[in-house]
Amino acid sequence: MYEDLLAGLNPAQREAVTTVTGPVLVLAGPGSGKTRVLAHRVAYLLRAAGAHPRAIMAVTFTNKAAAEMRERINRLVGEAVPSSTGWKGLTIGTFHSICARVLRQEAASASLSDAYVIFDDGEQLTAAKQALRDLKLDEKLYRPEAMRGAISKAKNELIKPADFQADTYWAEVARRVYARYEEILSANNALDFDDLLCRTVYLLRDVPEVLHRYQDRYQYLLVDEFQDTNTAQYELVRLLADKRRNIFAVGDEDQSVYSWRGADYRNVQRFREDFPGAHVILLEQNYRSTQTILDIANAVIVRNTHRTPKTLRTDRGRGLEITIHEAYDEADEAAFVVSTIQRLISRGDAKLGDCAVMYRTNAQSRALEDAFVARGMPYRLVGGTRFYQRKEIKDALAYLRLTHNPADNLSLTRIINVPPRSIGDKTISALAAWSTELGLSMAAALALVAGDLSSPALPDDVRSRFTKPPEHPFGSAAQRSLIAFYRVYAGWMAAKEHLTVAGLLDKIAEEAGYATWLRDGTEEGEDRWENLQELHSVAAHYDDFPPELRLTAFLEEVALVSDQDELIEDNDRATLLTLHTAKGLEFPVVFIVGLEENILPHSRSQEDPDQMEEERRLMYVGVTRAKDRLYLVRAFRRTIWGRSEVNEPSRFLRDVAQAAKGTKDGRRSMDDARGTGASRNAAFGGVSSRGAVAPAPSRQPAAVSQPSPTIGGQTSGASRQSSAAAKSSDGRPLQFKPGDRVNHGLFGEGIVLKSASTLDDEEVTVAFPGKGTKTLLASFAKLRKVTG
DNA sequence: GGGTGCCTCGAGGAC
DNA sequence: CGAGGCACCC
């Protein structure tokens with residue numbers, strides 16, 4: 001029975017789907033079909049176990065994953081369960097969105113106003129700065145960013161200010177800042193991201209009635225990416241599952257890459273302790289990658305000490321060899337990526353949408369974007385300067401938020417003088433001080449200045465406090481400006497009940513003078529206006545919501561969107577994204593760029609073995625995204641903060657190369673079977689030359705324009721790497737030695753000072769008379785020896 | 001009150 | 001190199 005649901009699942013997957021009662025822990029390797037298992041399990045619960053949709057909660061880490069699961073379940077169950085039973089009553093969402101909804105629902109029990117706004121990390125920082133200022137602490141001495149981090153960490157670990165361990169003076173200061181920070185958020189009727197989680201936990205802990213209601217409702221819990229849960233998230237799940245114990249957790253310790261966000265992969269072990277007798281299921285069968293790619297992944301991850309060994313298997317066969325490429329600088333690296341993609345497409349080996357370029361830090365996307373633009377190749381950038389981070393979008397949202405929640409002083413401060421309304425810093429500070437004195441929000445104080453005692457900005461209990469508006473500290477000019485602003489603002493407050501969100505946005509843009517101010521006649525102005533229109537169309541999705549809910553729902557959604565959510569499939573664009581964002585995705589063709597020490601692994605992990613293990617997991621995540629083709633790329637030199645830096649090749653390249661050496665026997669690259677040292681030099685001539693040291697235009701035939709060092713081939717770094725470890729001058733004779741006279745296309749004649757072999761090339765330091773000393777990559781710089 | 005320009009410091013990843 | 005902060009000028 002239900003064979004149609006289980007068809008095509010392997011025995012382990014089937015077990016995971018059908019073990020419906022009791023705790024289940026699924027350890028799922030990359031590409032092992034865990035999303036499939038999750039969706040099938042929900043479908044199975046609904047159809048075979050007779051579970052009510054309302055009894056199921058599935059938690060994911062991104063909205064995109066939630067949407068995908070929803071869609072899959074829809075496909076599996078859509079017809080089987082009549083919509084009248086409301087199978088859409090399923091709770092599927094991110095931790096944050098589910099918690100936001102619970103808190104809204106239970107606002108009274110959680111001592112919250114249901115009009116609360118959500119502060120993002122930028123606003124967290126602003127609030128932390130405010131707290132420092134309130135406590136008269138020096139921002140130079142106590143970095144706001146560090147304070148924000150400490151507060152966030154504490155919240156993720158469910159530590160309240162009173163419980164904050166202050167064993168150093170700095171920590172004592174942090175504790176005070178944390179306490180003040182909480183007061184500020186409360187005064188603004190705001191919750192930050194971390195509050196969404198910890199306040200929900202406190203609610204469940206402190207109010208048994210609410211806990212029991214949710215425990216009774218959610219009889220089946222499913223949690224994806226369990227290795228990425230932090231303490232608050234773990235505790236939330238544990239509390240909810242405590243009664244029925246029907247908890248299904250899926251995770252992979254090797255893919256834990258969010259420790260900086262408080263995630264602790266040891267929660268996987270903790271699960272086994274807290275839910276004794278848990279059914280543990282291993283998914284090791286990989287349906288995504290070739291064995292060659294899995295071997296590379298294994299070579300990287302096997303060096304981590306804190307892990308449960310597991311082996312990934314695939315039936316896909318060895319497939320193509322991977323390619324390692326050494327570029328000169330980031331521009332050359334990007335050019336290699338773009339021209340390789342072009343070649344794959346022209347040969348019919350891939351579509352543009354099959355290709356993804358992954359990097360460690362967002363800043364690396366710049367050079368890649370330049371190269372894609374230069375070649376006229378469409379791409380989509382995931383993350384980076386995100387839509388919702390743009391000034392015009394933040395301004396517009398601040399207007400809406402202030403209209404929604406008059407207590408939001410941060411939003412008021414942000415927009416009260418944008419566009420300029422002659423309300424300067426002095427006036428704003430005075431307004432802030434005066435409102436604090438009165439124990440009111442700034443918007444409420446504005447209402448008093450305007451003499452509007454029936455203003456919705458004034459809390460009910462406050463309205464009766466005044467028979468007439470109190471004396472205020474503003475001069476006549478300032479007063480006039482403030483009242484003018486208050487009048488239009490009051491109009492929005494009155495209109496928010498009957499206007500749609502889009503309609504309200506129009507009204508505000510018009511009456512705030514924001515539209516005219518934005519469209520200043522410049523091209524950038526038009527771009528900004530178009531962005532605003534985009535927000536407008538997002539808002540229009542909420543037109544059909546119940547009037548009392550739509551503004552709330554809209555603001556909640558935009559506060560909780562993530563970078564990954566932008567990822568809509570697109571066959572006609574290559575994807576540029578960070579390794580973190582790549583988690584959970586797969587692509588036929590994957591480039592991992594910037595494989596250099598201090599980039600990947602990141603410089604901040606150099607001193608910390610635990611962090612280094614996380615870098616390794618990040619690399620592992622990247623490698624296992626690839627289905628067929630994998631390119632590992634590094635640049636000899638790279639511009640960081642406007643300065644050119646030279647970094648060693650990444651240790652991960654070494655691991656990969658050594659592993660390949662042990663298993664292969666002269667296997668050739670998928671791209672070129674002629675990967676000899678001589679033709680390899682041509683690789684650098686074949687790509688566009690935009691480095692500081694420009695080589696002459698390629699004179700190489702097109703056919704050999706792209707050979708690369710290959711794993712397993714005679715020219716791979718592997719064979720050299722092992723001997724290089726023994727001695728710097730390895731088996732391969734260096735071409736250049738100190739004292740040699742050489743000629744360079746740009747710098748002319750020079751003298752070699754020293755020469756050293758790198759992973760698969762040669763670095764030559766040359767003194768050019770009158771032009772200084774340069775370190776050059778032999779294959780790229782096209783150095784010619786000058787004889788006689 | 002608002003704008004401009006210089007200086008400093010900084011960018012790891014994100015719900 | 002870039003954003004944000006601050007001083008100085010209009």
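Just so it is clear: chains get the letters A, B, ... in the order the sequence lines come, proteins before strands, and each one is counted from 1. Treat the numbers as computed from the prediction; the structure is a model and nothing was measured.
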**Q** For a 4.5 angstrom cut-off between non-hydrogen side-chain atoms, does A/F474 reach A/V449?
**A** yes
**Q** Categorize A/I423 for me: base, sugar-phosphate, or nothing, with a 4.0 angstrom heavy-atom threshold over every strand shown.
**A** sugar-phosphate
**Q** Identify whether any heavy atom of A/E615 sits under 4.0 Å from a base atom; if not, whether one sits that close to sugar-phosphate; answer base, sugar-phosphate or nothing.
**A** base
**Q** Can a salt bridge be assigned to the pair A/D114 and A/R104 using a cut-off of 4.0 Å between side-chain N and carboxylate O?
**A** no
**Q** Please report whether the ring centroid of A/H580 lies less than 6.0 Å from that of A/Y258.
**A** yes
**Q** Provide, to the nearest angstrom, the distance between the CG atom belonging to A/L125 and the P atom belonging to B/dC15.
**A** 18 Å
**Q** Has A/W641 got its ring stacked on the base of B/dG10, with centres under 5.5 Å and planes less than 30° apart?
**A** yes
**Q** Looking at A/T639, does any N or O in its side chain come under 4.0 Å of the phosphate oxygens OP1/OP2 on C/dC1?
**A** no
**Q** State whether the distance check finds a donor on one side and an acceptor on the other, under 3.5 Å, for side chain A/W260 versus base B/dA14.
**A** no
**Q** Using whole Å, report how far CG of A/D425 lies from C1' of B/dG3.
**A** 12 Å
**Q** In whole Å, what is the span from the CG atom of A/D194 to the P atom of B/dC15?
**A** 13 Å
**Q** On DNA chain B, compare the nucleotides closest to A/D120 and A/Q611; which residue's is nearer the 5' end?
**A** A/Q611
**Q** Measure from CZ on A/F474 to C1' on B/dG1 and round the result to the nearest Å.
**A** 15 Å
**Q** Taking atom P of B/dC15 as reference, at what distance in whole Å does atom CZ of A/R148 sit?
**A** 13 Å
**Q** Under 4.0 Å between a Lys/Arg side-chain N and an Asp/Glu carboxylate O for A/R366 and A/E369?
**A** no
**Q** If each of A/L618 and A/T427 is mapped to the nucleotide of DNA chain B with the nearest heavy atom, which maps nearer the 5' terminus, i.e. the 5' end?
**A** A/T427
**Q** Report the stems of DNA chain B as range-with-range entries sorted by first number; a stem here is at least three consecutive pairs, Watson-Crick or G-U wobble, both distances under 3.5 Å, and write none if there are none.
**A** B:1-10 with C:1-10
**Q** Whole angstroms only, please: what is the NE2-P distance between A/H96 and B/dC15?
**A** 9 Å
**Q** Side-chain N or O of A/T578 less than 4.0 angstrom from OP1 or OP2 on B/dA14?
**A** yes
**Q** Using a strict threshold of under 4.0 Å (side-chain N to carboxylate O), is an ion pair present between A/R143 and A/E139?
**A** no
**Q** Would A/K160 count as a cation-pi partner of A/Y202, with NZ or CZ less than 6.0 Å from the six-membered ring centre and within 45° of the ring normal?
**A** yes
**Q** Using the salt bridge (Lys or Arg N to Asp or Glu O under 4.0 Å) criterion, which residues pair with A/R205? Sequence neighbours excluded.
**A** A/E235
**Q** Just checking, A/R617 and A/Y620: is the charged tip under 6.0 Å from the six-membered ring centre and within 45° of the axis?
**A** no
**Q** Could you give the distance separating C/dC6 and B/dA11 at their P atoms, to the nearest angstrom?
**A** 16 Å
**Q** Taking OH from A/Y359 and C1' from B/dG13, how many angstroms apart are they, rounded to a whole number?
**A** 12 Å
**Q** Return the polar atom pairs (N/O with N/O) between nucleotides 2-6 of chain C and the protein under 3.5 Å, or none.
**A**
residue : atom : partner : partner atom : Å
C/dG5   : OP1  : A/K129  : NZ           : 3.0

**Q** Does A/R634 pair with A/E333 as a salt bridge, N-O distance under 4.0 Å?
**A** no
**Q** Do A/C99 and A/L236 come close enough that some side-chain heavy atom pair is under 4.5 Å?
**A** yes
**Q** Please pick, from B/dA11, B/dG1, B/dA14, the nucleotide with the shortest atom-to-atom distance to any side-chain atom of A/D121.
**A** B/dA14
**Q** With a 4.0 Å limit, can you tell me whether A/N417 has a side-chain N or O closer than that to the phosphate oxygens OP1/OP2 of B/dG2?
**A** yes
**Q** Report which part of the nucleic acid A/F95 touches: base, sugar-phosphate, or nothing (heavy-atom distance under 4.0 Å, all strands).
**A** nothing
**Q** For a quick test of reading the model: is some side-chain N or O of A/N362 closer than 4.0 Å to OP1 or OP2 of B/dA14?
**A** yes
**Q** Which atom names give the shortest non-hydrogen contact between A/D195 and A/L185, and what distance separates them?
**A** OD2-CD2, 3.3 Å
**Q** Between B/dG3, B/dC9, B/dG1, which one does the side chain of A/P420 approach most closely?
**A** B/dG3
**Q** Considering only B/dG1, B/dG13, B/dC15, which nucleotide approaches the side chain of A/T94 most closely?
**A** B/dC15
**Q** Picking from B/dA14, B/dC15, B/dC9, which would you name as closest to the side chain of A/R143?
**A** B/dC9
**Q** Round to a whole Å and report the spacing from CZ of A/R199 to C1' of B/dC15.
**A** 18 Å
**Q** Provide the distance between the two C1' atoms, one in B/dG13 and one in C/dG4, to the nearest whole Å.
**A** 22 Å
